[in-house]
Structure formats: C-alpha cells, structure tokens
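What follows is a single structure, written as structure tokens, with notes after it.
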Amino acid sequence: MPRKALITGITGQDGSYLAEHLLALGYEVHGLIRRVALEEPERRLSRIQHLAGRIQLHAASLESYPSIFHVIKRVDFDELYHLAAQSFVAESFADGFSTMNSNINGTHYVLAALRELRPACRFYFAGSSEMFGTVQASPQNESTPFHPRSPYGISKVAGFHLSTNYREAHGMFCCNGILFNHTGPRRGFEFVTRKITRGAARIKLGLDRELRLGNLDARRDWGHAADYVRAMHLMLQQPEPADFVIATGISHSVRQFCQLAFGELDLDYREFVKIDPQFYRPAEVDLLVGDASKAHRLLGWQPTCTFAELAREMVAADLETLGKTPILAGTG
Ligand code: GDD
C-alpha cells in the first residue's frame, strides 16, 4: 500500500515541489485547493499542471471549518502538510485581519478536524524564520526566542504554538518546520528574489527600463525551495515529533542578489534599480541567518543549491518564460 499525503497549499511554490517529491517516493498525493482555483486552472494551477492525473485535488477553504472537515473525513491519508497561508509579509501589513484569519484560524481548523477524525495522522506546520523578527541571537536555532515584526510573523508564531499545543495536549504527531526564506523559479512575482530576476530579464529584453525596489540592505538566508521540501518530509519520518530550523547558514543582502541576477545578464544593477519608498515595510526584519545543525544531525538534511546557483537558475527560467533564448554571462 502506498503511503498517502494531503497537502494544503499544493498550488504554491512549496506545494508543487513537495507533491513532486512525494510522488517520486511512491506516495499517493492529495491536494486541498480553493474552489476558485478549479475555475481558473490555467492561472491558478500552473505550478502543478504537469502533475495532472497523478495527484487528486479536493476543494475546500481555510476559512470554512466544515469544508476542511469534509475533505479530511472523505480522503484517506497518513501525513498532512499544512502549507496553505497568506505568505506575503508586506500584504499582512495591508490586511492583517485576513492574514490572521487564514493563517491562525485556518491552521486551527485543520488541527481540530485532524484531532477529531485522524488523530494518528502526522502533521507538518509551515513555520517561518519571520517568527524570529528582531533577532535575539545569531544565527537563529530552535531555542531562539520569537519577536515577530509583522502580522504575518505574529500569525506564524500563533500557528507554531497551536501545533505544539496539539502535540502536548492531545499527543498528536505535530512537527513545526522553521524555514528560512526559500525561493526558485516557481516563486511568486511579489517576493523580492523573483521580482529581481524577472525584472532583470525584462530589462535585458528591452521590455522595461528600470526596477523599483525597497530596502536593499535587508539580509536573508536564502535557499532553494526544492531542497527545503525534502526536509518537510524527513521531519514526519522521525520516531518522535519535533521542530527543526531549515536554512543554509549563510546570509546575503537584497543588494547582493541584485548584483548577481543582473550580473548574469551582463548588466550593472546600479543603472536600473530605483529605490521606491512604497516597498519599505513599516517594521523591517534586518537580518536572518539560520543554524540548521539539528536538521543536519537528526534528519541528515543538507541544502544542495548555492546562492549564486539559485540566482542563475531563476534568471535563466525567467528569460525562457519570457520567450527568449537565455544568453548568460560567460556563455557567449
Ligand atoms: N517583496 C519585496 N519587494 N521585498 C523587498 C523589496 C520589494 O520590492 N525591496 C526590498 N525588499 C526586502 C524586504 O523588505 C525584505 O527585507 C526582503 O526584501 C525579502 O522580502 P520577501 O522576498 O518579500 O520575503 P520575506 O523574507 O519577507 O518573507 C519570505 O520568507 C519567509 C521566511 O523567512 C516569505 O516567503 C515568507 O512567507 C516566509 O515565511
């Protein structure tokens, strides 16, 4: 019998990579998606289009407990990866109420339904390094205190504590991943890495003349999303549930990412990047850098993609999707 998994947020960057990874491991993969995604498959299901026929999709909304209950009752699965969330930090300042509602209540609904219907199911919660916010120590590990700086960060701290409480109070197998920023060619356009690679590619092709960004000095620990979903799966295979930081251990600035991405195209970012205050956040997280030694030790997990490789892959993918042949620096 194949193992079975249900992924919430399967249409997103991480959901699509995780679905591929689990299929490759022989899993039967189910995804929970919003009904509106079924109405607009070309746009909303684009990241999982190539998996059509190999995964089963079920409509439900994180805002509706009955809809989640119904899917969890009807579909049989052993592991649940709860990735669905409002995940854009800047948007959480614009609409903190929706972010809190989806990210806190949505998580609570999933946990409550699991407890009722499948208490033995293994549960993964997508925690975030944004929970560390104004960092109390560097690098950050599983013992570093949280000090979130945005409604998004607050919602993830609440989700983290909810998941931990179901583990402690009800004996459920709940694991929290504390994932640092992870990206790749499937990243949404609003996140800074994709905005930069897409913007640089458009400038190279003559489609744009400038790229407007906010704080170039923020530092993040960026890894490849395909590497990070492997860690999610490994967490649920451990003998005991636990929490794990997943990071590369190396931080870079947004400016360095610009330098690399534009450099791939033989462009100097300083000629094209313009600072626009609208992209500054009311409260910024200046520096994140993770210590993933627990994951190295207990999960045997290691990242495989470097910062430079990440930028190169993303620029090449953006050039390709913009319909042109990639002509990268050093390749003629
Ligand atoms: N989005 C964006 N757009 N960010 C900008 C811009 C811009 O024009 N200019 C500068 N930045 C800076 C932000 O201020 C932030 O410091 C940094 O770039 C990264 O922003 P994002 O790419 O939006 O990601 P994030 O680090 O805030 O959050 C991501 O990583 C978290 C894990 O640490 C998201 O994926 C979260 O969902 C995730 O939890």
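Each residue takes its place number in the sequence, starting with 1. Whatever order the structure lists ligands and atoms in, that order sets their numbers, starting from 1.
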I'd like a table of the close N/O pairs between ligand 1 and the protein (anything under 3.5 Å), one pair per line with both atom names and the distance.
unit_1   : atom_1 : unit_2 : atom_2 : d
ligand 1 : 1 (N)  : Glu190 : O      : 2.9
ligand 1 : 8 (O)  : Lys195 : NZ     : 2.8
ligand 1 : 9 (N)  : Gly214 : N      : 2.8
ligand 1 : 14 (O) : Glu284 : OE2    : 2.6
ligand 1 : 16 (O) : Arg220 : NH2    : 3.0
ligand 1 : 16 (O) : Glu284 : OE1    : 3.0
ligand 1 : 16 (O) : Glu284 : OE2    : 2.9
ligand 1 : 20 (O) : Arg281 : NH2    : 3.4
ligand 1 : 22 (O) : Val192 : N      : 2.8
ligand 1 : 23 (O) : Arg281 : NH2    : 2.8
ligand 1 : 24 (O) : Asn181 : ND2    : 3.3
ligand 1 : 26 (O) : Asn181 : ND2    : 2.9
ligand 1 : 26 (O) : Arg220 : NE     : 2.8
ligand 1 : 27 (O) : Arg281 : NH1    : 2.6
ligand 1 : 30 (O) : Asn181 : ND2    : 3.3
ligand 1 : 33 (O) : Ser129 : OG     : 2.4
ligand 1 : 33 (O) : Asn181 : N      : 3.4
ligand 1 : 35 (O) : Arg187 : NH1    : 3.2
ligand 1 : 35 (O) : Arg187 : NH2    : 2.9
ligand 1 : 37 (O) : Ser87  : O      : 2.6
ligand 1 : 37 (O) : Tyr152 : OH     : 3.0
ligand 1 : 39 (O) : Ser128 : OG     : 2.6
ligand 1 : 39 (O) : Tyr152 : OH     : 2.6

Phe125 and Phe123 aromatic ring geometry - parallel, tilted or perpendicular at 30°/60° bounds: parallel
Ring geometry between Phe257 and Phe307 (parallel below 30°, tilted from 30 to 60°, perpendicular above 60°): perpendicular
Aromatic plane relationship, Phe88 with Phe191 - under 30° parallel, 30 to 60° tilted, over 60° perpendicular: perpendicular
Salt-bridge present (Glu309, Arg312; N to O < 4.0 Å): no
Ionic contact status for Glu284 with Arg220, cut-off 4.0 Å: yes
Tyr27 and His233 aromatic centres sub-6.0 Å: yes
